[in-house]
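The block underneath contains the structure these notes are about, expressed in structure tokens.
Chain A is the first sequence line, chain B the second, and so forth, proteins listed ahead of strands; every chain is numbered from 1. All heavy atoms count here, side chains included; hydrogens, waters and symmetry mates do not.
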Amino acid sequence: MKVQPLPQSFFEQPTLELAKGLLGKLLVKESASGTASGWIVETEAYIGPGDRAAHSFGNRRTPRTEIMFAAPGYVYTYVMHTHCLVNVVSGKVDQPEAVLIRAVEPYQGLELMYERRGEKKKEQELTNGPGKLTKALGIDRNDYGRRFVEPPLYIAKGRQPGIIMSGPRIGIDNSGEAREYPWRFWVKGNRFVSR
DNA sequence: GAGGCGATTGCCT
DNA sequence: GGCAATCGCCTCG
């Protein structure tokens with residue numbers, strides 16, 4: 001199967017639909033040391049204006065969140081402590097929404113992933129968390145502001161995801177009632193899902 | 001399995 | 001200048 005980026009129109013759907021639609025798609029990163037990719041198996045939606053867990057809550061607009069106000073399909077990377085997380089910007093222009101990619105299942109570039117993550121690891125520990133998959137695929141803050149429709153970082157047509165589950169998001173305990181929103185989506189039974 | 005801490009970035013006082 | 005953050009790893013039991 002030839003791997004090529006999905007069109008811009010794919011990203012032009014409501015954020016919750018996009019979060020589900022991303023499951024099963026292929027996340028690809030090309031770099032000087034090779035290409036690595038994985039099937040997306042877990043996502044979370046962040047819908048800015050009314051979502052206390054989102055960086056763009058209340059339309060908070062700063063240099064960091066600026067990209068969330070742009071058209072859908074942009075790459076939003078965020079550095080936290082020693083790790084980097086990757087989001088897909090969603091929603092129309094001036095609607096600061098995004099989908100966090102929390103886990104993928106390795107596809108291409110397995111050796112590269114071991115090299116980046118450490119050799120002595122179970123395969124599922126390569127990419128079963130938002131900070132892990134970015135390291136395995138070589139995604140970092142330099143990818144901020146790119147677009148997912150073209151190399152070196154893009155999303156390609158994938159496979160049928162299977163049964164999709166939903167539930168509360170992770171790691172946002174101090175976000176009031178937003179903590180309860182069932183905006184986390186994952187592929188049922190996939191062993192690369194973070195929990 | 002639970003708990004604690006690393007060590008970066010950028011926003012806010 | 002301080003502090004909180006979409007987390008991961010190591011250590012201890």
Side-chain angles (χ1 to χ4, degrees), chain A residues 11 15-16 18-20 22-23 27 29 36 38 40-70 72-91 95-106 113-146 148 153 155 165-187 191-195:
Chain A
F11 298 96
T15 297
L16 292 175
L18 182 63
K20 280 182 278 193
L22 281 167
L23 294 174
L27 177 64
K29 176 67 195 282
I40 297 171
V41 298
E42 184 179 358
T43 61
E44 283 180 3
Y46 287 83
I47 302 182
D51 181 1
R52 278 189 56 182
H55 293 152
S56 54
F57 173 63
N59 285 310
R60 189 168 59 126
R61 194 161 188 156
T62 67
R64 187 181 70 177
T65 63
E66 183 64 29
I67 198 72
M68 293 180 78
F69 291 82
Y74 277 93
V75 179
Y76 176 33
T77 52
Y78 170 78
V79 177
M80 130 134 231
H81 291 243
T82 55
H83 306 285
C84 183
L85 286 63
V86 65
N87 300 252
V88 181
V89 172
S90 177
Q95 294 177 359
E97 308 177 2
V99 178
L100 169 68
I101 298 175
R102 285 195 56 88
V104 305
E105 175 179 338
M113 295 190 200
Y114 273 108
E115 198 174 300
R116 288 166 171 156
R117 294 272 302 132
E119 300 292 337
K120 292 183 180 176
K121 276 193 171 53
K122 293 181 213 160
E123 185 181 345
Q124 75 182 69
E125 296 195 329
L126 290 173
T127 56
N128 66 341
K132 299 178 190 178
L133 77 91
T134 54
K135 189 173 181 191
L137 295 181
I139 296 170
D140 58 34
R141 63 182 172 283
N142 295 322
D143 292 308
Y144 178 97
R146 290 193 203 280
F148 277 113
L153 178 59
I155 288 170
M165 305 288 287
S166 67
R169 292 170 293 178
I170 293 174
I172 55 168
D173 294 340
N174 53 354
S175 301
E177 64 173 29
R179 179 177 51 182
E180 310 298 332
Y181 300 166
W183 289 352
R184 172 175 172 248
F185 303 95
W186 69 95
V187 176
R191 70 186 195 283
F192 293 91
V193 170
S194 62
R195 1 181 131 158

(message) Measure CD1/A:Ile170 against C1'/C:dC7 and give the value in whole Å, please.
(response) 11 Å
(request) Could you tell me which nucleotide pairs with B:dA7 by Watson-Crick or G-U wobble geometry, both distances under 3.5 Å, or answer none if nothing does? (result) none
(request) Under a 3.5 Å limit for both distances, which nucleotide forms a Watson-Crick or G-U wobble pair with B:dG1, could you say? (result) C:dC12
(request) Pick base, sugar-phosphate or nothing for A:Thr62, based on heavy-atom distances below 4.0 Å to the nucleic acid. (result) sugar-phosphate
(message) I need the single residue from A:Arg169, A:Arg179, A:Arg102 that forms a salt bridge (charged side-chain N to carboxylate O under 4.0 Å, His left out) with A:Glu44. Which is it?
(response) A:Arg102
(request) Taking all non-hydrogen atoms of both residues into account, name the closest pair between A:Gly138 and A:Asp143 and its distance. (result) O-OD2, 4.0 Å
(request) Using a heavy-atom cut-off of under 4.0 Å over every strand shown, decide if A:Phe57 touches base, sugar-phosphate, or nothing. (result) nothing
(message) One thing to verify: whether A:Glu125 and A:Lys132 come together as a salt bridge, which I'm taking to mean a side-chain N less than 4.0 angstrom from a carboxylate O.
(response) no
(message) What's the separation between atom OG1 in A:Thr15 and atom CG in A:Asp51, rounded to the nearest 0.5 Å?
(response) 10.5 Å
(request) Identify the 5'-most and 3'-most nucleotides of DNA chain B with at least one atom closer than 4.0 Å to a non-hydrogen atom of chain A. (result) B:dG6 to B:dC12
(message) Is it true that, when you exclude A:Arg61 itself, more than 12 heavy atoms of the residues, nucleotides or ligands shown sit nearer than 6.0 Å to its CZ?
(response) yes
(request) Grab the CZ-C1' distance between A:Arg116 and C:dG8 for me, whole Å please. (result) 18 Å
(message) With a 4.0 Å limit, can you tell me whether A:Arg102 has a side-chain N or O closer than that to the phosphate oxygens OP1/OP2 of C:dC7?
(response) yes
